[in-house]
Amino acid sequence: MPSDIPEKPALEGLEAHWGDIWEREGTYAFDRARAVELGKDSVFAVDTPPPTASGSLHIGHVFSYTHMDLAARFQRANGKVIFYPMGWDDNGLPTERRVQNYYGVRCDPTLPYDASFTPPQEGGEGTSGKAADQVPISRRNFVELCERLTVEDEKKFEELWRTLGLSVDWAQTYRTISDESQRTAQRAFLRNLARGEAYQADAPTLWDITFRTAVAQAELEDKEMPGAYHRVSFHKPDGGTIDIETTRPELIPACVALVANPEDERYKPYFGTTVRTPLFGVEVPVLAHPLAQIDKGSGIAMICTFGDVTDVVWWRELSLPTRPMLGFDGRVMSEPPAGIDSDEQRALYAELAGKTVFSAKARMVELLTESGDLIGEPRPITHPVKFFEKGDKPLEIVTTRQWYISNGAKDEDLRSRLLQRGEQVDFHPDFMRVRYENWVSGLNGDWLISRQRFFGVPIPVWYPLDGDGNPVFDKPIVPAEDQLPVDPSSQPAPGYTDDQRGVPGGFVGEVDVMDTWATSSLTPQIAGKWGEDDELWNLVFPYSLRSQGQDIIRTWLFSTVLRAELEHGVAPWAHAGISGFIVDPDRKKMSKSKGNVVTPQGMLDEHGSDAVRYWAASSRLGTDAAFDPENPKQIKIGRRLAIKVLNAAKFVYSFAHTDGAPVTEPLDVDMLRRLAEVVRVATDSYEQFDHARALETTEQFFWTFTDDYLELVKERAYRDASPEQASAVAALRLAIDVFLRLLAPVLPFATEEVWRWTHDGSIHVAPWPTVNEIPVSGASSGLLDLCGTALIGIRGAKTEAKASQKTPVTSGTVTGPALLAEAKDDLAAVGRIAELTLVESDEVAVRDIVLDETAE
RNA sequence: GGGCCUGUAGCUCAGUUGGUUAGAGCGCCACGCUUACACCGUGGAUGUCGGGGGUUCGAGUCCCUCCGGGCUCACCA
């Protein structure tokens with residue numbers, strides 16, 4: 001039953017009130033039976049980004065999730081069956097780090113499980129984060145804490161999304177660490193493996209020494225770091241020297257060659273000869289390679305294994321040996337690399353062993369200075385250095401065995417297929433496709449998916465051990481798909497028993513887990529229950545819409561396209577809606593490290609969800625939005641609009657109305673014609689994912705409706721029953737009905753509140769308004785606009801006289817086109833003009849206004 | 001250095017296929033508690049459309065060039 005119209009409508013409390021009712025009524029539930037009946041074309045499936053559970057949601061999330069919700073709500077109103085799940089990305093490094101800080105613990109996989117373990121602290125966000133202050137615990141204890149904390153975090157996230165009014169079906173929630181997700185991720189991996197798309201390689205790998213894990217190209221970030229050029233002498237056999245410049249003199253023991261440009265006349269004579277490294281006297285060749293830049297440093301560089309990614313290229317293309325000297329912890333290894341053999345050299349190396357890169361460099365500079373091999377003073381510079389985006393120490397490059405998935409970097413056929421899939425996706429805005437294409441075109445290595453971490457989806461393989469107890473990596477043992485998910489570090493390999501673990505002739509389990517993106521790239525498959533529920537899967541895949549921020553095109557968007565191409569050979573969605581990001585008043589991107597992040601809960605509490613949604617909806621896809629938490633202008637405007645909707649509707653519903661009364665008065669007809677045009681534009685805009693234009697058009701006419709039309713006709717609407725009175729009220733009520741539905745995606749709470757005053761069901765399952773339900777046709781006569789202009793004149797005259805707008809007018813004249821006569825009575829009424837004279841003219845003007853001074 | 005986006009009123013932004021005097025909201029100034037709304041209403045002022053050049057009868061809109069801002073990739077000896 002429709003509810004009573006409150007005395008004083010307010011926004012406060014609407015979120016909780018209607019949120020509960022929507023949940024109870026299943027307003028947003030995926031109607032599977034209907035989808036089955038109507039077929040896949042009736043389904044609008046949204047592939048939603050799972051936010052990092054252990055991170056915090058910020059205002060930028062609200063921004064892009066609202067954009068996604070607007071599209072879903074529009075499609076729902078248009079009769080689509082909406083599949084709108086929500087997921088949480090809870091596996092991975094961010095969770096581990098948060099658990100470490102929150103509980104003051106650290107995972108040490110060598111420790112046994114302690115069933116009675118209680119963490120030393122809870123909620124200690126302010127701790128040092130230093131390993132020394134953390135209690136080492138077993139992997140199983142650690143994973144338990146991860147589970148515990150993410151469940152808590154996810155509850156808070158869901159609360160926030162519900163408050164914001166996302167029309168998600170909360171029965172479709174998924175977690176990337178759940179058994180189902182693990183099964184999906186492992187199944188997809190095994191199929192990649194079977195097709196040869198997943199493989200292992202023992203190769204130089206970008207390595208984070210803090211987290212002690214490999215990282216992928218997509219996770220790199222450059223940071224400007226101070227450094228210094230050191231000019232160092234290498235010794236020619238004839239006693240002369242060749243001077244190189246390096247920022248990493250500590251890597252001299254790892255030097256395998258010098259390299260200069262083949263065109264460089266200065267070094268041409270030395271190509272093919274050898275020199276000896278300073279201090280250690282290791283003999284290394286002088287080689288030519290086009291990547292060496294003539295004008296950089298001294299034009300000749302030392303190649304170490306490995307100082308940077310260029311070293312890797314040289315090492316590979318020049319077939320050089322490996323002389324590693326840094327361990328997984330970023331410290332100089334105790335055993336010197338090959339070539340450092342004599343006691344003297346080894347003693348020198350021992351001075352560096354165990355030191356961090358920083359300390360080793362300092363000691364090396366002292367040693368080089370003593371030996372006279374350092375020419376002049378080091379010259380300080382700042383230069384970009386590669387970091388793991390979540391790390392705070394520069395990456396090192398170490399050689400390790402890792403798992404990769406081919407991504408087109410080394411396979412032109414795959415690369416062109418991925419580009420083709422990109423063309424098949426409708427990007428909104430369209431230019432965002434270029435970012436995808438740039439990324440695909442610029443890939444220079446396959447996707448490294450193994451991580452030496454603990455809280456993630458295990459890579460589902462084991463390795464047999466040979467007679468000496470060495471793993472046979474190229475003969476991995478894989479589980480059957482119906483055994484998934486598996487944890488090779490705690491379960492025996494198929495065909496083996498637990499006591500064969502680690503013994504010659506037995507097996508070992510892979511200990512690595514997958515990169516988070518290797519799971520979240522499968523969100524369509526996880527939410528659509530690929531391989532588990534064929535009926536559902538066929539209804540939702542490929543999805544209709546992927547909605548996300550522009551910052552994760554290279555990671556999430558790309559990896560999703562890749563997995564869909566490898567497994568299904570299609571683009572995973574028809575549309576990709578890309579939201580811009582939020583910048584602070586100084587136009588700086590909001591990010592945690594800059595400390596300018598705004599948490600959304602306070603904004604929602606203070607201004608109301610509709611207001612915050614209005615702010616998000618008023619920005620087009622792909623454009624960045626400025627946001628000043630101290631003065632959230634757009635939010636305040638949205639709040640004003642929502643309040644206006646409540647009040648205007650309440651006012652309209654206060655007039656006596658006759659059911660089925662026809663709209664006959666020219667002004668009423670003209671308002672409805674204008675409204676029909678608004679419906680046309682708004683619908684067209686939403687269809688093109690241009691919610692901002694739909695909102696702007698609707699909002700603008702809504703204000704004309706309340707400020708001009710409603711003012712013009714309210715006197716008539718108050719009168720006793722008559723065809724003119726009934727016409728006004730019929731037009732008013734019809735307009736409100738249409739406005740509410742046009743605004744419902746943006747203001748789901750205020751519009752629902754009003755809708756239920758006169759309707760039984762939810763506005764959010766009501767059909768989208770069409771021009772067919774507006775009982776007038778033809779283009780606007782312009783009458784409403786003319787009246788609006790005349791109104792401004794009348795009001796201006798009163799303002800000029802410093803009189804109240806209600807001051808009666810004895811007489812006045814309005815000039816304008818003859819059409820104005822059709823609204824003469826309304827004009828006279830709104831201006832309280834006793835004697836109104838109309839004079840025909842091209843220009844609308846108001847003159848000779850005589851105020852009734854006796855009316856005090 | 002490459003690619004993409006962007007520069008319109010003090011602020012945030014609209015400006016459709018080039019077409020009269022360039023728009024909105026906020027803010028500002030003035031006025032008004034007008035039988036829905038003071039979480040309000042009414043009126044008003046405000047711009048070399050980043051600079052320069054070109055195409056055109058006509059350019060905020062198209063082309064070239066320069067300058068500024070942002071994102072991104074690359075470079076990293």
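Using C1' as the reference atom, G68(B) and G50(B) are 7 Å apart when rounded to the nearest Å. Taking the C1' atoms as reference points, U8(B) lies 15 Å from G51(B), given to the whole Å. The gap from the C1' atom of G18(B) to that of C49(B) amounts to 15 Å, rounded to the nearest Å. The C1' atoms of U46(B) and G53(B) are separated by 30 Å, rounded to the nearest whole Å. For the P atoms, the distance linking G23(B) with G60(B) amounts to 13 Å, nearest Å. Nucleotides U6(B) and A24(B) place their P atoms 24 Å apart, quoted to the nearest Å. Atom C1' of U61(B) sits at a distance of 12 Å from the matching atom of A22(B), rounded to the whole Å. Of the P atoms belonging to G54(B) and A59(B), the separation is 12 Å, rounded to the nearest Å.
Asn438(A) comes within contact range of the sugar-phosphate backbone alone, with a heavy-atom separation under 4.0 Å but no base atom that close. Within the nucleic acid shown, Ala292(A) comes within 4.0 Å of at least one base atom, counting heavy atoms only. Among the atoms of the strands shown, none is found under 4.0 Å from any heavy atom of Leu646(A). No contact: Trp615(A) has no heavy atom under 4.0 Å from any strand. Using a 4.0 Å heavy-atom cutoff across all strands shown, Gln293(A) reaches at least one base atom of the nucleic acid.
The shortest distance between the side-chain N/O atoms of Arg554(A) and the OP1/OP2 oxygens of C73(B) is below 4.0 Å. Contact between the side-chain N/O atoms of Arg435(A) and the OP1/OP2 oxygens of U72(B) is not found at any separation under 4.0 Å.
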Apply side chain to side chain contact (heavy atoms under 4.5 Å, CB included) to residues Leu251(A) and Phe306(A) and explain how you reach the verdict. CA-CA 8 Å; Leu251(A) 292 181; Phe306(A) 295 94; over 6 Å; no
Derivation of the side chain to side chain contact (heavy atoms under 4.5 Å, CB included) call for Ile637(A) and Tyr614(A): CA-CA 8 Å; Ile637(A) 296 166; Tyr614(A) 173 92; 3.7 Å; yes
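Heavy atoms from other residues, nucleotides or ligands lying under 6.0 Å from CD of Glu800(A) number 12 at most.
The side chain of Asn444(A) sits closest to A74(B) out of A74(B), C75(B), G43(B).
Across all strands shown, A30(B) is found opposite U42(B) as a Watson-Crick or G-U wobble partner, with both distances under 3.5 Å. Figure legend. A24(B) is base-paired to U12(B); pairs are counted as Watson-Crick or G-U wobble with both atom distances under 3.5 Å. When both distances must be under 3.5 Å, the Watson-Crick or G-U wobble mate of A59(B) does not exist.
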Between the protein and nucleotides 23-28 of chain B, list the N/O to N/O atom pairs that are separated by less than 3.5 angstrom.
residue: C26(B); atom: OP1; partner: Arg640(A); partner atom: NH1; Å: 3.1

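The closest donor-acceptor contact from the side chain of Asp311(A) to the backbone of Thr305(A) lies at 3.5 Å or more, if one exists at all.
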Produce a footprint string for nucleotides 29-37 of chain B: one letter per nucleotide, 5' end first; B if the base is under 4.0 Å from any protein heavy atom, S if only the sugar-phosphate is, - if neither. -SSS-BBBB
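Arg620(A) is not listed as a side-chain neighbour of Pro429(A), based on a closest heavy-atom distance of 4.5 Å or more. Put simply, the side chain of Leu641(A) reaches to within 4.5 Å of the side chain of Glu699(A), judged on heavy atoms. Taking 4.5 Å as the limit, some side-chain heavy atom of Tyr686(A) sits within range of a side-chain heavy atom of Leu70(A).
A salt bridge does not link Glu696(A) to Arg693(A): none of the charged side-chain nitrogens sits closer than 4.0 Å to a carboxylate oxygen. Between Arg832(A) and Glu711(A) no salt bridge is recorded (no basic side-chain N to carboxylate O distance below 4.0 Å). Remark: Lys386(A) does not engage Asp308(A) in a salt bridge, criterion side-chain N to carboxylate O under 4.0 Å.
C71(B) atom C1' lies 10 Å from atom CD1 of Ile553(A), rounded to whole Å. Separating the NE2 atom of His428(A) from the P atom of C5(B) is a distance of 17 Å, rounded to the nearest angstrom.
For an aromatic pair to be called close, the ring centres must be under 6.0 Å apart, and Phe651(A) with Phe655(A) satisfies this.
In the interface, the side chain of Asp624(A) is not paired with the base of C5(B) through any donor and acceptor atom under 3.5 Å apart.
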